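These notes concern the structure reproduced below.
Nothing here was measured: the structure is a model prediction, and the numbers come from that model.
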Amino acid sequence: MPKSKVRKKTDYTINPASRTPVKVKVGPSPVWYVTIMLGFMLAGLAWLLVYYIAADHIGWMSDLNAWNFLIGFGLMVVGLIMTMRWR
């Protein structure tokens, strides 16, 4: 049986220009950003606390039923997503 040809593979070389780090000038986050971020997280927590404590006394909140969890956790998730941009 004939033997197949052995192909020589070229070595992979890294382009040195693509490995140069780039410094990005970025300052700290403004105070209003941190305030809004923490506000969203605390608003979500407050929503859930009010739902558990006083849902029987607040008619429109008790009508939402399980949607209260989506609203409360949604507010907290928005605050947590904002932490990714916080410097």
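The two atoms that bring Ser29 and Arg85 nearest to each other are OG-O, 3.8 Å, heavy atoms only. Heavy atoms only, all atoms of each residue included: Ser62 and Ala55 are closest at CB-O, 3.2 Å.
Among Thr83, Val78, Leu75, the single residue meeting the side chain to side chain contact (heavy atoms under 4.5 Å, CB included) criterion with Met41 is Thr83.
Note that CZ of Phe69 and CH2 of Trp47 are 12.5 Å apart. Values are rounded to the nearest 0.5 Å. Tyr52 contributes atom OH, which lies 10.0 Å from atom CG of Asn68 (distance to the nearest 0.5 angstrom).
Note on Ile71 and Leu42: separate hydrophobic clusters, where clusters join Ile, Leu, Val, Met, Phe, Trp and Tyr whose side-chain heavy atoms are under 4.5 Å apart, directly or indirectly. By the criterion of side-chain heavy atoms lying less than 4.5 angstrom apart, applied directly or through intervening Ile, Leu, Val, Met, Phe, Trp or Tyr residues, Trp67 is grouped together with Leu48 in one hydrophobic cluster. Taking hydrophobic clusters as Ile, Leu, Val, Met, Phe, Trp and Tyr residues chained together by side-chain heavy-atom distances below 4.5 Å, Val50 does not share a cluster with Ile53. There is a path of hydrophobic side-chain contacts, each under 4.5 Å, that joins Trp32 to Met37. Ile36 and Leu80 end up in the same hydrophobic cluster when Ile, Leu, Val, Met, Phe, Trp and Tyr side chains are linked at under 4.5 Å.
Within 6.0 Å of the CZ atom in Phe40, the count of heavy atoms belonging to other residues, nucleotides or ligands does not exceed 12.
In this structure, Tyr33 contributes its side chain and Arg87 its backbone to no donor-acceptor pair below 3.5 Å.
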